[in-house]
K.L.:
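A single structure is presented below for examination.
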There are 2 protein chains.
Amino acid sequence: MTAETPRLRADARRNVEGIRTAALDVFRAHGLNSPLDEVARAAGVSKGTIYHRFGGRQGLIDAVVEELVAERITGIITAVRDIEDPVERFESYLRQIWLLQYDEPAANDVLLRAMPGSDPLVALCERASEIAGGLLAEAQATGKVRDDLTSEDVYLLIWERGIIARACTEQPRDGYRRRCEYTLRGLRSGA
Amino acid sequence: MTAETPRLRADARRNVEGIRTAALDVFRAHGLNSPLDEVARAAGVSKGTIYHRFGGRQGLIDAVVEELVAERITGIITAVRDIEDPVERFESYLRQIWLLQYDEPAANDVLLRAMPGSDPLVALCERASEIAGGLLAEAQATGKVRDDLTSEDVYLLIWERGIIARACTEQPRDGYRRRCEYTLRGLRSGA
DNA sequence: CCGCAACTTGAATCCATGGTCAAGATCGGC
DNA sequence: GCCGATCTTGACCATGGATTCAAGTTGCGG
């Protein structure tokens, strides 16, 4: 694993690292659809180099996604496990995912399945979806969460938030968060 | 008012009408950002003619917006007036606006204030916002609607729905509607 | 019917982005 | 140090939409 490829020339290795770093910055700030030109500029190379080294946007994303996003999402998944109350657990999961979508455009792109070509991403999304389904079922079992809510709904609620978060750059985080709470509140069983 | 402009030649008048009609169709179907090419094709003229006659997208929009959208929105406003229960009235207003946003991309563009240059649109939006504020206040007075909800929130809830509706083309109307209900439900006072 | 003003056209320009590639620059083994 | 293999560059093409305008077409008053 340390040297599967014939080994790169020193300058190439330096560039690969520089590009990865730049991509992390740019993607974090503006999402996975940022112009590659911008990444190139940030890395101090020309975009041709990115295509040469990573084969295009998809390859570049694959090369940084783990560090960029995966740990954030798995972090939420594990953090939520410790919560006792199933309702609390379910709501906390959604809340955190929704905030992640606001805070990290790149994570948002991943959750929106904006990159259907990337295997690790798809896997991650599916894992998250399954988890959400489980949390939902447990929460519903308490009778405190609407039972007409489906896994599909939850997926779509996340999708909707993603769309919003994308457009939200200007909007203050606090209002966003509050409106998330309203929706969350609406998922509880009726009075 | 019948003939302020020197009077158009017959073919020009015919074209103006044709373009207006085509624009109504196209805008209704794909929103106010549809390529002008498409409008031109539908009208059987070249896009140059649209620029010549209307001075560009903005002018074209101004020329059709009344017929396109205004009556839909004012229709909702008046329809809602007859509802007795303030809570019901408020919720019905939101519900109908949200569905309008799904059903008519053009109306949605208007509500999203996507065209800040057009006076009648801005006026219409402001009127709608005021109405919404009033409905909210009355609904809150019953104690059945969260009193931490602000007019600003309501505006933003509509904005959020608009963003979603824009991206929603594929999504079934029914799910959209259901998720609207969830949010609506979340606006009621807590248990 | 003429002839000009009014109209229309579509080719041209611009912009922003994704993506490619021949040619020149540089590394590093010998 | 030399020279070929490896890298990088930046100019180039393509796409899709907005916008303009010179040149050609057409209505219509006289």
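Here the structure is a predicted model, which means the values were calculated and not measured. Throughout, protein chains are lettered first and strands after them, A, B, ... in sequence-line order, and every chain is numbered starting at 1.
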K.L.:
Looking at every non-hydrogen atom in both residues, tell me the closest pair between B:Y182 and A:R146 and how far apart they are.
P.N.:
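Closest pair (atom of B:Y182, atom of A:R146, distance): CE2-NE, 3.4 Å.
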K.L.:
Looking only at heavy atoms, what is the nearest atom pair of B:S46 and B:A40, with distance?
P.N.:
C-CB, 3.8 Å
K.L.:
What is the separation between atom CD1 on A:I19 and atom C1' on D:dT9, rounded to the nearest whole Å?
P.N.:
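Atom CD1 in A:I19 sits about 12 Å away from atom C1' in D:dT9.
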K.L.:
Using whole Å, report how far NE2 of B:H52 lies from P of C:dA6.
P.N.:
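Computing the B:H52:NE2 to C:dA6:P distance gives 10 Å.
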K.L.:
Knowing that exactly one of B:V64, B:V69, B:D109 qualifies, which makes a side-chain contact (heavy atoms from CB on, under 4.5 Å) with B:F27?
P.N.:
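For B:F27, the side-chain contact (heavy atoms from CB on, under 4.5 Å) test succeeds with only one of B:V64, B:V69, B:D109, which is B:V64.
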K.L.:
C:dG19, OP1 or OP2 - any side-chain N/O from A:Y51 closer than 4.0 Å?
P.N.:
yes
K.L.:
What is the distance from CG of B:L8 to P of C:dA5, rounded to the nearest Å?
P.N.:
18 Å
K.L.:
Could you state the CZ-P distance from B:R53 to C:dA6, rounded to the nearest angstrom?
P.N.:
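Distance, rounded to whole Å: 11 Å.
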K.L.:
Quick one: is A:T49 getting a side-chain N or O under 4.0 Å of the D:dC7 phosphate, OP1 or OP2?
P.N.:
no
K.L.:
For a quick test of reading the model: is some side-chain N or O of A:R7 closer than 4.0 Å to OP1 or OP2 of D:dT6?
P.N.:
no
K.L.:
Expressed as a whole number of angstroms, how long is the span from A:F54:CZ to C:dG19:P?
P.N.:
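Spelled out: CZ on A:F54 to P on C:dG19 is 15 Å.
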K.L.:
Polar atom pairs between nucleotides 15-17 of chain C and protein, under 3.5 Å, N or O only, would you list them?
P.N.:
none

K.L.:
Base of C:dG19, side chain of A:K47 - is there a donor-acceptor contact under 3.5 Å?
P.N.:
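Donor-acceptor pair under 3.5 Å: yes.
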K.L.:
A:L111 and A:Y155: which non-hydrogen atoms are nearest, and at how many Å?
P.N.:
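What the structure gives for the nearest pair is O-CE1, 4.5 Å.
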K.L.:
Near DNA chain D, which residues from residues 9-18 of chain A have a heavy atom under 4.0 Å away?
P.N.:
A:R9, A:D11, A:A12, A:N15
K.L.:
B:A128 and B:I77: which non-hydrogen atoms are nearest, and at how many Å?
P.N.:
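Where B:A128 meets B:I77 most closely, the heavy atoms are CA-CD1, 4.4 Å.
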K.L.:
Give me each pair satisfying side chain to side chain donor-acceptor pair (under 3.5 Å) with a member in residues 121-145 of chain A, each pair once, sequence neighbours excluded.
P.N.:
A:R89-A:E138, A:R113-A:S129
K.L.:
Go through it in stages, so that I can follow the logic: the residues are A:R166 and B:I163, the test is side-chain contact (heavy atoms from CB on, under 4.5 Å), and I'd like the CA-CA distance, side-chain angles, deciding distance and then a yes or no.
P.N.:
CA-CA 9 Å; A:R166 239 186 209 172; B:I163 300 290; over 6 Å; no
K.L.:
How close or far is atom P of C:dG18 from atom CZ of A:R41, stated in whole angstroms?
P.N.:
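It works out to 11 Å between those atoms.
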K.L.:
If we ignore hydrogens and angles and just use 3.5 Å, is the side chain of B:S189 paired with the main-chain N or O of B:G143 as donor and acceptor?
P.N.:
yes
K.L.:
Below 4.0 angstrom, N of the basic side chain to O of the carboxylate: do B:R20 and B:E17 qualify?
P.N.:
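Looking at B:E17 together with B:R20, the answer is yes, because their closest N to O distance falls below 4.0 Å.
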